[in-house]
*Asks:* 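Structure incoming, see below.
Please read these numbers as outputs of a predicted model, since none were measured by experiment. Just so you know, residue 1 is the first one in the sequence shown, and it goes up from there.
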Amino acid sequence: MNLSVDEEMKKKKKLGNGVVGILAESVNKWERRTPLTPSHCSRLLQDRTGVSRIVVQPSEKRIYHDALYSDVGCEISDDLSDCGIILCIKQPKLEMILPERAYAFFSHIHRAQKEKMPLLDKILSERVTLYDYELIVGDHMGKDYWHLVYMQAELVLLTSYMDWDRVLMNLIFDAGYLSQGYSTPFLSLGSSYMYPSLAAAKAAVISVGEEISSQGLPLGICPLVFVFTGTGNVSLGAQEMFKLLPHTFVEPSNLPELFVKDKGMSQNGKSTKRVHQVYGCIITSQDMVEHQDPSKSFDKADYYAHPEHYNPVFHDKIAPYTSVLVNCMYWEKKFPRLLSTKQVQDLAEKGCPLVGICDITCDIGGSVEFVNRATSIDSPFFRFDPINNSYYNDMDGDGVLCMAIDILPTEFAKEASQHFGDILSEFVGSLASVTEVSDLPGHLKKACISYRGELTPLYEHIPRMMKSDPEDVQGKIASGVVSNQRTYKSLTQLVNPDEGVDK
């Protein structure tokens, strides 16, 4: 009996003991990122940060080799049992979760998705303390900084750069347009992970832009219009890559005029300027919906509070002129969809130019309803044929090519890890040394989903949400029936829908 008590005391002493573990990523073969680089570990061990030891699980695929961690004083071991807190990027395998420890990773548990129930059960049964990077927000870090910084790592810009690299490389041009009989300069681009660095990938896009300027794009696919949703850092990052090409930005209200003006030829029979550039269009909520009462204009605050009073209009005002949709906006089920399956079917029958969607949000069945699956780095696209309401894994037929990769940042694993670790290293000492969650600063306390196997007050509603029908829950939230409405909104509205997404 005394031995059992002693063992229990030892377990409790693990939490806050200053020993940090870095888990070997195991869920996805492409995941090469690390939460802390060797340089971050070196600083944490040398400075008085609250970190006494760092134990790194060996990994042959991690972007930084084990020897680099060993050189700065980290211990390399499969055994993380001495660690009070264990860091990783994505959810670890359930059998790898040790009891009575603290973990920090992107869990997505707070989204109350049913598929996360086994993870939540494991966390609670093993009396685990769980921090979710996605929930670390605070005014001192900028508005909802972590939502904007790691759409899966710094990712605010890096993720979007990678999305764009992938979009320009495969999604639209060497797959979508080539199947339609058009050759474009984008054929020379490779996949993102094939480049040694972000700078090398950007240089390749710049080269494509130079070719567009000099040789132009086929008249039959122009005007080539890229529509970006939202004004947050994710959208801005995608636009930065877009700006490496010869381009002009167009106001949403001017899209119809662009198509009327640019569908013809000049008097001398040569193509107009549009063939030598692409067009961009940035839209926000006011371009996607309108009030049900024609006498009332769009009001952002009213829309966020009462989205049920608004009707979707994106399919009517923007989508008919969109070649490529880059979806960067946060979305909840209480808001109208950006594009429903029925709407895209109607558009296809009318000859809509939409050829591809890059859904950075990767919200399956979300704002873009027909994006019904996540895609992978080695199989990044699927094709949806709206006319037949059918899905295909090839890219050679009619329809819309869709990309929804949920680990895009790992394609540039070194840059992603460096940027992410720059921020994580600022507060990992607090997470490693604290024994009571109440002692944490506010922005870290809000990120604690469970403490010693008990859900913290902000997240007590999650099991009920997971077990409920999603549509029914959203209806109750919208109507105010859910008693925990205030708490729920404080979680799901961490970001302005116009400003960003999280993953």
Side-chain angles (χ1 to χ4, degrees), residues 1-27 31 34-36 50-59 74-136 424 427-440 444-460 462-463 466-467:
M1 182 67 177
N2 290 335
L3 182 61
S4 177
V5 172
D6 290 341
E7 288 177 344
E8 183 67 20
M9 291 300 295
K10 288 180 180 180
K11 288 180 179 180
K12 288 185 177 181
K13 289 180 180 179
K14 296 292 185 185
L15 203 62
N17 67 357
V19 183
V20 176
I22 297 180
L23 197 68
E25 301 291 331
S26 59
V27 172
E31 187 55 81
T34 179
L36 297 172
V51 176
S52 59
R53 296 166 54 198
I54 299 178
V55 184
V56 180
Q57 271 194 342
S59 172
C74 297
E75 304 166 33
I76 310 300
S77 175
D78 283 310
D79 184 6
L80 300 183
S81 60
D82 284 347
C83 303
I85 184 166
I86 297 171
L87 310 175
C88 48
I89 298 295
K90 306 296 282 186
Q91 172 189 329
K93 292 181 178 179
L94 297 184
E95 61 268 22
M96 297 176 68
I97 296 177
L98 300 176
E100 302 283 349
R101 304 300 194 281
Y103 280 81
F105 56 89
F106 288 97
S107 73
H108 303 317
I109 283 179
H110 63 285
R111 298 185 185 184
Q113 298 167 332
K114 288 185 178 181
E115 59 267 27
K116 292 297 179 180
M117 182 67 82
L119 174 61
L120 178 60
D121 289 342
K122 181 70 173 180
I123 293 295
L124 300 182
S125 65
E126 297 291 355
R127 293 176 53 80
V128 164
T129 297
L130 175 63
Y131 301 97
D132 194 311
Y133 303 130
E134 190 176 322
L135 299 173
I136 300 175
L424 176 60
F427 55 79
V428 70
S430 297
L431 297 180
S433 58
V434 72
T435 56
E436 298 293 334
V437 69
S438 58
D439 294 334
L440 287 170
L444 297 181
K445 192 182 302 181
K446 291 178 182 178
C448 184
I449 292 178
S450 68
Y451 176 66
R452 296 189 187 275
E454 297 289 336
L455 290 170
T456 54
L458 195 58
Y459 305 98
E460 289 176 342
I462 290 177
M466 285 182 171
K467 294 175 182 178

*Asks:* Is the side chain of Y459 donor-acceptor paired with the backbone N or O of C448 at a distance under 3.5 Å, no angle test?
*Replies:* no
*Asks:* Quick check against the 3.5 Å criterion: does R101 have a side-chain atom that pairs as donor or acceptor with the backbone of S81?
*Replies:* yes
*Asks:* So, applying side-chain contact (heavy atoms from CB on, under 4.5 Å) with L23, which one of S59, C83, C88, P35 is it?
*Replies:* C88
*Asks:* Okay, side chain of T456, backbone of I449: is any donor-acceptor separation there less than 3.5 Å?
*Replies:* yes
*Asks:* Give me the one residue out of L130, V128, V437 that meets side-chain contact (heavy atoms from CB on, under 4.5 Å) with Y451.
*Replies:* V437
*Asks:* Is there side-chain contact between V56 and L36, with heavy atoms separated by less than 4.5 Å?
*Replies:* no
*Asks:* With rounding to the nearest 0.5 angstrom, report the NZ to CG distance, K446 to L440.
*Replies:* 13.0 Å
*Asks:* Looking only at heavy atoms, what is the nearest atom pair of P92 and I97, with distance?
*Replies:* CG-CG1, 3.9 Å
*Asks:* Of all heavy-atom pairs between P58 and I76, which one has the smallest distance, and what is that distance?
*Replies:* CB-CG2, 4.0 Å
*Asks:* Answer yes or no: is there a donor N or O on one side and an acceptor on the other, between the side chain of D132 and the main chain of S107, under 3.5 Å?
*Replies:* yes
*Asks:* Work out which heavy atom in S438 is nearest to a heavy atom in K445; give both atom names and the distance.
*Replies:* O-NZ, 3.5 Å
*Asks:* Any heavy-atom pair between the side chains of L98 and Y103 that's under 4.5 Å?
*Replies:* yes
*Asks:* Can you list everything that forms a salt bridge (Lys or Arg N to Asp or Glu O under 4.0 Å) with D79? Sequence neighbours excluded, please.
*Replies:* none
*Asks:* Nearest 0.5 Å, please: how far is CZ in F105 from NZ in K90?
*Replies:* 10.5 Å
*Asks:* Using the test side-chain hydrogen bond (donor to acceptor under 3.5 Å, both in side chains), find all partners of Q57 that sit at least two apart in sequence or belong to another chain.
*Replies:* none
*Asks:* Closest approach of Q91 and V27, non-hydrogen atoms and distance?
*Replies:* O-CG2, 2.5 Å
*Asks:* Please report the interatomic distance CG(L124) to NZ(K122), rounded to the nearest 0.5 Å.
*Replies:* 11.5 Å
*Asks:* Taking atom CD1 of I123 and atom CG of L94, what is their separation to the nearest 0.5 Å?
*Replies:* 8.5 Å
*Asks:* Examine distances only and state if a side-chain atom of E25 and a backbone atom of I89 form a donor-acceptor pair shorter than 3.5 Å.
*Replies:* yes
*Asks:* Please check: side-chain N/O of S52 versus main-chain N/O of G18, any donor-acceptor pairing under 3.5 Å?
*Replies:* yes
*Asks:* Within the structure provided, determine whether I136 and F427 are in side-chain contact (heavy-atom separation under 4.5 Å).
*Replies:* yes
*Asks:* Taking the side chain as every heavy atom from C-beta outward, state whether L15 and R452 have any pair of such atoms under 4.5 Å apart.
*Replies:* yes
*Asks:* May I ask you to decide if the ring planes of H108 and H110 are parallel, tilted or perpendicular, using 30° and 60° as cut-offs?
*Replies:* tilted
*Asks:* Looking only at heavy atoms, which two atoms of L80 and G21 are closest? And how far apart?
*Replies:* CD2-CA, 4.4 Å
*Asks:* State, yes or no, whether a side-chain contact exists between Y133 and L424 at a heavy-atom distance under 4.5 Å.
*Replies:* yes
*Asks:* Do the side chains of V20 and L431 get nearer than 4.5 Å, heavy atoms only?
*Replies:* no
*Asks:* So how far is it from S26 OG to E31 CD, rounded to the nearest 0.5 Å?
*Replies:* 10.0 Å
*Asks:* Going by the rule salt bridge (Lys or Arg N to Asp or Glu O under 4.0 Å), which residues pair with E454 if we only count those two or more places apart in sequence or in a different chain?
*Replies:* none
*Asks:* I'd like to check V55 versus D82 (side-chain heavy atoms, cut-off strictly below 4.5 Å). Are they in contact?
*Replies:* no
*Asks:* Where do L444 and S430 come nearest, in terms of heavy atoms and distance?
*Replies:* CD1-CB, 3.9 Å
